[in-house]
Amino acid sequence: MKVKVAVNGYGTIGKRVADALRKQRDMEVVGVTKTKPDFEAKMAIRKGFRLFCAIPENLKLFESAGVEIEGTVHDLIEDVDIVIDCSPGKVGVQNKPMYEKAGVKAIFQGGEKRDVAELSFNALANYEEAIGKRFVRVVSCNTTGLVRVLYLLDKNFGVEKVRAVMIRRVVDPKEDKKGLVNGISPDPIKLPSHHGPDVQTVLPHIDITTVAFKVPTTLMHIHSLNVRLGEKVSEDSILDVFEREPRILLISGEDGFTSTTKIIEFAREVRDRYDLFENVVWRDSIAVVDGELYFTQAIHQEAIVIPENVDAVRAMFEMAEKDESISMTNESLDIGKLSF
Ligand code: NAD
């Protein structure tokens, strides 16, 4: 039997989640929602998704635009086991009463506050805690990128202290209403950025302080990490841990990966929408100086949380053990096969 899933909000994250769910043999996408009959709505239909209206009052817009609509979000959620809410940040919490009323489970995204759900989720770090849960929040792109590596370092060596700098893409590539054209913006100016506390929603015992800056690029984020570990480590032992994790893609400057532009150029060759679901870590950035670890990673904000949403569904319905779910998801999305 397949779990029946709705994707509420077919935007940057929603369309990727819908495509990923389609590749799972134990899940079925019953439908997706849009608020208006734009090209993304038409693309959803062209790709064979059943389309529903996210805002019931907007139903007429679809009808007058001649876009085939199957009903409202209320009709859709009556027919599913779980909703993956991919609406804009802070909108998911407004949708929650609708899920409660319909008696369905729901997954929220990182733009929501932690208290929208019972658990902030990352598949590597706390899959088991999501078993049987009704409401789960998949943490944001930056937090997912941090949690994956910190979980692995903590498990293998113990993490004593983390200091991380996030250099953030200002907006996603499709955004044409806002942006930073020619500046670098501390985000926020006052320490810490929200990323450290957000990491602690998944890994509460990690001592972490983060600072962040927005820069005028849309492709990826960059993280520069400094980690004090509980034991003496060599660069090779760090590499060994990262090499064994499929959700980390190792690259190197020697192969011409001199910036995020080159990473994306590579991804264009190998992945639909150039989606990189993995943390992209520069091998040659890994350095141990005075007993402390430093490395640099790039995070494709549009893609990194997608496998986590798929695994969250399996955990919430107790459909698979952690390792089984992660390897099914990895296999379906071709994760773990690209390292250099
Ligand atoms: P988006 O703006 O690209 O997509 C959101 C979609 O939801 C749009 O299609 C919008 O029309 C629709 N929508 C608006 N109001 C709605 C409503 N009331 N009900 C249902 N749908 C509605 O946004 P996104 O980038 O996909 O972000 C979605 C969530 O994922 C946010 O919480 C965000 O913080 C989080 N997130 C985004 C990224 C990223 O880089 N884009 C990365 C990780 C997590």
Side-chain angles (χ1 to χ4, degrees), residues 1-10 13-33 49-50 52 54 73-87 92-93 95-112 114-140 143-144 147-148 151 201-202 246-247 277 303-333 335-336:
M1 217 190 69
K2 294 184 175 190
V3 167
K4 294 163 85 178
V5 191
V7 176
N8 193 18
Y10 190 76
I13 299 298
K15 66 178 80 162
R16 288 171 170 82
V17 165
D19 282 352
L21 292 169
R22 239 188 194 172
K23 293 182 174 160
Q24 313 307 313
R25 56 178 185 267
D26 49 358
M27 297 175 203
E28 177 195 345
V29 186
V30 177
V32 304
T33 74
F49 291 113
R50 294 173 66 209
F52 294 77
V73 62
H74 299 289
D75 302 316
L76 173 60
I77 63 178
E78 261 175 35
D79 196 22
V80 300
D81 304 305
I82 183 165
V83 179
I84 304 194
D85 187 297
C86 301
S87 62
V93 69
N95 289 333
K96 188 177 174 188
M98 175 169 66
Y99 308 143
E100 285 172 324
K101 197 164 162 219
V104 292
K105 297 196 186 212
I107 295 173
F108 298 94
Q109 306 304 314
E112 303 303 319
R114 63 186 296 180
D115 59 8
V116 74
E118 300 157 89
L119 179 76
S120 290
F121 179 82
N122 173 268
L124 286 181
N126 66 356
Y127 182 94
E128 288 89 355
E129 288 177 46
I131 301 278
K133 289 275 190 298
R134 173 140 185 225
F135 295 118
V136 164
R137 163 182 173 261
V138 169
V139 290
S140 74
T143 307
T144 298
V147 167
R148 280 189 191 157
Y151 165 77
T201 65
V202 183
R247 291 191 183 176
F277 306 109
I304 191 169
V305 299
I306 306 308
E308 311 300 324
N309 275 276
V310 175
D311 290 324
V313 174
R314 286 208 189 87
M316 292 165 78
F317 286 94
E318 304 183 47
M319 295 157 72
E321 303 279 325
K322 172 181 168 180
D323 290 349
E324 190 191 355
S325 175
I326 289 177
S327 62
M328 283 164 81
T329 307
N330 288 353
E331 187 61 34
S332 68
L333 298 178
I335 292 172

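Residue numbers run from 1 in the order of the sequence given.
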Heavy atoms of V313 and M319 approach each other most closely as O-SD, 4.0 Å
What pair of heavy atoms forms the shortest contact from V32 to A18, and how long is it? CG1-CB, 4.1 Å
Show, in sequence, the C-alpha distance, side-chain angles and deciding distance for I82 and V5, and conclude whether the side chain to side chain contact (heavy atoms under 4.5 Å, CB included) test is met. CA-CA 5 Å; I82 183 165; V5 191; 3.9 Å; yes
Given the rule in the side chain to side chain contact (heavy atoms under 4.5 Å, CB included) test, do F52 and V73 qualify, once you have shown the distances and angles that lead to the verdict? CA-CA 6 Å; F52 294 77; V73 62; 5.5 Å; no
Does the salt bridge (Lys or Arg N to Asp or Glu O under 4.0 Å) test come out yes or no for R148 and E308, once each step is laid out? CA-CA 11 Å; R148 280 189 191 157; E308 311 300 324; 2.6 Å; yes
CG of D19 to OG of S332, rounded to nearest 0.5 Å, is 11.5 Å
Do the side chain of N330 and the main chain of R247 share a donor and acceptor less than 3.5 angstrom apart? no
Mark yes or no for whether E112, through its side chain, and V93, through its backbone, hold a donor-acceptor pair below 3.5 Å. yes
Expected output: side-chain K96 to main-chain V116 donor-acceptor under 3.5 Å: yes
Would the number of heavy atoms belonging to other residues, nucleotides or ligands and lying under 6.0 Å from CD of E321 be above 12? no
Just by distance, do the side chain of S87 and the backbone of G92 share a donor-acceptor pair under 3.5 Å? yes
Once rounded to the nearest 0.5 Å, what's the spacing between atom CD1 of I304 and atom CZ of F277? 11.0 Å
What pairs with D26 under salt bridge (Lys or Arg N to Asp or Glu O under 4.0 Å), at least two apart in sequence or on another chain? R314
Under 6.0 Å from the CD atom of E331, do we count more than 12 heavy atoms belonging to anything else shown? no
What heavy-atom pair brings V147 and A125 nearest, and what distance separates the two atoms? CG1-CB, 3.7 Å
M27 vs V310, side chain to side chain contact (heavy atoms under 4.5 Å, CB included): CA-CA, chis, key distance, verdict: CA-CA 9 Å; M27 297 175 203; V310 175; 3.9 Å; yes
Side chain to side chain contact (heavy atoms under 4.5 Å, CB included) evaluation trace for N122 with Y151: CA-CA 10 Å; N122 173 268; Y151 165 77; 5.6 Å; no
Shortest non-hydrogen pair, N126 vs S120, comes out as ND2-O, 2.8 Å
Looking at N8 and A54, what are the two nearest heavy atoms and their distance? OD1-CB, 3.9 Å
If we count only N and O atoms by modelled type, under 3.5 Å, do the side chains of D311 and S325 hold a donor and an acceptor together? yes
Single hit among T201, I107, L119 for side-chain contact (heavy atoms from CB on, under 4.5 Å) with R137: T201
Go through the structure and list residues passing salt bridge (Lys or Arg N to Asp or Glu O under 4.0 Å) with K4, not counting sequence neighbours. D79
Would you give the length of the straight line joining atom CG of N309 to atom OG1 of T329, rounded to the nearest 0.5 angstrom? 10.5 Å
Distance check, rounded to the nearest 0.5 Å: C86 atom SG versus N95 atom CG? 11.0 Å
Please round to the nearest 0.5 Å and tell me the distance separating atom OH of Y99 and atom CZ of F135. 9.5 Å
For residues 127-136, pull every pair meeting side-chain hydrogen bond (donor to acceptor under 3.5 Å, both in side chains), keeping only residues two or more places apart or in separate chains. none
Can you check whether D81's main-chain N or O pairs, donor with acceptor, with K105's side chain at less than 3.5 Å? no
Where is the tightest heavy-atom contact between I335 and P246, given as atom of each residue plus distance? CG2-O, 3.5 Å
